[in-house]
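Single-structure report; data block below.
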Amino acid sequence: MSAPFTPTDEQRRILDHADGHLLIEAAAGSGKTSVLALLALEYAAVGRAVLALTFSANGKAVLADRLAAWNPRLADKVTVATIDEVCEAEAQRCLADDRLSVDDGWALDHVLPCVIERTNEAFAGDERHPQLEGHAEARRDLLDAFRFIKQSLAPGLIGDEQDPDWIEQAIGDRPYPVWHAFLEYERRRAVLPVERRKRRGRGFRLAGDACYDLVRAAGQEGLNPPGFGQRYLLLDEFHDTSPLQLEFLSLWGRRLQRVVAVGDRDQALQAWRAADAAHIFPAFCERFAVRTRLPLSLSFRFGPRLAQLANALRSPSQAPVQGAGDSPGRVVEERRPLAAFLKALGQDPDAGGCAILARDAGQLVPVQLALAELGQPFRLHERVLPFWRRGEARLLQALAEIVAAPRTGETRAHAQPDPEYLKRQRRLLAERLLSLPGWLLGDATRQDLIDHIADSAANWRAVCEMLPRVPFSPDAGEAQRGRRSQLQAAIAALLEAPADQALGPLVRAFARAARLETDLAAYAGSREQGRARVAAWRHLVDHLDAQGFTAAGWLKRLADLERRHRYPSETARPGPLLSSIFHAKGSEWDRVVLVGLEEGRFPLANVPFAEEKRYAYVACTRARRALILHAEPGATPGRLLPLLMEAAQ
Ligand SMILES: Nc1ncnc2c1ncn2[C@@H]1O[C@H](COP(=O)(O)OP(=O)(O)OP(=O)(O)O)[C@@H](O)[C@H]1O
């Protein structure tokens, strides 16, 4: 099958462009990805080696699907990858190269300078703190601090970065940038052996960046990733390019015959990675001597009403887009309680063509909970975890297991026949519980305990009974002791709790005693993720309270949900698709429901409003025909809801 449409004149000009590199900056739905896919197929048809790079896994899937649907034979000749995948492959190759060993010395030589640079950027203009590079004393301080921390306190300290006691103990009176640089450095160093990235957790955000550092450190001569053989480079979602990624792309430089980049600065969502669309487009033009920019001014995704909304959200510098879709489009404000609205949606035979989007995956937890209680089917974007597999829910499950664990033996109402599955589950739960930073268990001890729990459900309780008695190491400081005894007391209280008591108040008490929310926040890759995690945790606990679950009841509910998720009934109607906005990039649905438009949720507090507006733009422009904006009736709407409704009038 070829493209299901005839390219417009504007699109044809891009396809026929034969003179040098090309940049297309255009609005959502204007056919950027479609044109890139057509171009890739045209190049492949005449035997040109094409590499199509995207900046997100979702973008890659959308592009690859389109190529495969339009021309399966030629699609095989186009390499589609995310830029991180290409860079990681190259980093792996560097790591496997005997001439480049990644030991502490290497990391100090190659990574530390980048960390110092980043730290200096963070403190530029701050007179209270010296710049690190070129400042011999501060640099020596930094290295001393690394040594000290590595020898004694590393695991707990990294986990507890928000705790001033720890900071003081480890860093003493060294300047704050030293502390900041240490954390940066430690995160990067920890993720340098790329295979560890699979473990995610702390440092995940910087794993990709560490690969770029590594490749850059290896130098241009060493480069040979699969894409370096290709001379035609197509870049989708170019607005999400970080400066490090632009450096990486520049290493291809003169080997490339043609680069075609498409993007939309208003869809830039990777600011956390230092991607800055306003600067990246001019920087790209300069680096690659791009002389031609071509427009795309019609959106085929939606009609005039949604185009009007899209234009109101775009940067003033961008030319307006015209809605050429086959429906005029509808924008509706929905203020029924979420559960009532979802119930009505479930009765609609077209619910399967609908996507429910939220600012982040944590904000989808209440939607999942409401649908689960209604017994309505739903699908999840493949990158969005079911709520019961998220970190905070696993922790909650671990706590419920402790309360519900039989005093002897292994039988339990929700036990399932697959022992391997149960073993894996226990391992995951034990990992979640025993990795709380306050335990300060050495890696080996923690692993032993986790293995022990994984072996048998009887050991789960035995280990929990033992935990409150684990002695302190003689060198443990005051803060460490305090932190550990709080956790120990909290675990002991859970063990005493009657199994048939409501679970909500029990875990609330545990969370308070163990300062759990601090840990949840500290575990996240960023402050923003930390907040989302805490919010998701609170939703879960509120839900337990509202539904009055006991520990055993909750575990049974989770087991049912997991079973339904793993073995969906083939006859059931498909429910709506749930996705975070980030993972919805590049996709489109007839009807989009945007939930969580309440104050403090979307827009998020403490995130620049411009960024939240970009998230809203991406979400709203996924709709082909109808956009439904939801906020709970009792809650104050955030700034976005009236803005969106007004823009759509
Ligand atoms: N010339 C055309 N005629 C009809 N439909 C078209 C045309 N060009 C693109 N489309 C359709 O418009 C929709 C949006 O296209 P596409 O996803 O390529 O846009 P985009 O600019 O990449 O969007 P986004 O930036 O939001 O990811 C798709 O359904 C595509 O098939």
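When a residue number appears, it is its place in the shown sequence, counting from 1. These numbers come from a predicted model, not from an experiment. Counting starts at 1 for both ligands and their atoms, following the listed order.
Cation-pi geometry between R639 and F609 is met: under 6.0 angstrom from the ring centre, within 45 degrees of the axis.
The protein atom (non-hydrogen) at minimum distance from atom 27 (O) of ligand 1 is G586 CA, 3.5 Å. Looking only at protein heavy atoms, the nearest one to atom 23 (O) of ligand 1 is G29 N, 2.9 Å. Remark: minimum distance from atom 25 (O) of ligand 1 to any protein heavy atom is reached at K32 NZ, 2.7 Å. Atom 2 (C) of ligand 1 has as its closest protein heavy atom F5 CD1, 3.2 Å. The protein atom (non-hydrogen) at minimum distance from atom 19 (O) of ligand 1 is G31 N, 3.0 Å. Among all non-hydrogen protein atoms, the one lying nearest atom 1 (N) of ligand 1 is Q11 OE1, 2.9 Å. What sits closest to atom 10 (N) of ligand 1 on the protein, heavy atoms only, is F300 CB, 3.6 Å.
Rounding to the nearest 0.5 Å places CZ of F238 at 6.5 Å from CG of L249.
Residue A27 approaches ligand 1 through these ligand atoms, each under 4.0 Å from one of its heavy atoms: 21 (O). Proximity to S34 (heavy-atom distance under 4.0 Å) selects the following atoms of ligand 1: 9 (C), 15 (O), 16 (P), 18 (O), 30 (C). Near R66, meaning under 4.0 Å from one of its heavy atoms, ligand 1 places the atoms 15 (O), 16 (P), 17 (O), 18 (O). Numbered from 1 in the order shown, with element, the atoms of ligand 1 that lie under 4.0 Å from a heavy atom of T6 read 1 (N).
Between R12 and L38, the closest side-chain pair of non-hydrogen atoms is not below 4.5 Å. Put simply, the side chain of L256 does not reach to within 4.5 Å of the side chain of Y232, judged on heavy atoms. Counting heavy atoms from C-beta on, the side chains of L380 and P386 come closer than 4.5 Å. The shortest distance between side-chain heavy atoms of E334 and L629 does not fall below 4.5 Å.
Note on ligand 1: R624 sits outside its first shell, no heavy atom being nearer than 4.0 Å.
Of the options L36, L22, L23, L234, a side chain to side chain contact (heavy atoms under 4.5 Å, CB included) to V262 is made by L36 and by none of the others.
Scanning both residues, A623 and A626, for their nearest heavy atoms gives CB-O, 3.4 Å.
Note on R624 versus D326: no salt bridge recorded, every NZ/NE/NH1/NH2 to OD/OE distance being 4.0 Å or above.
Looking at E588, K585, R301 and measuring to atom 29 (O) of ligand 1, the nearest heavy atom belongs to E588.
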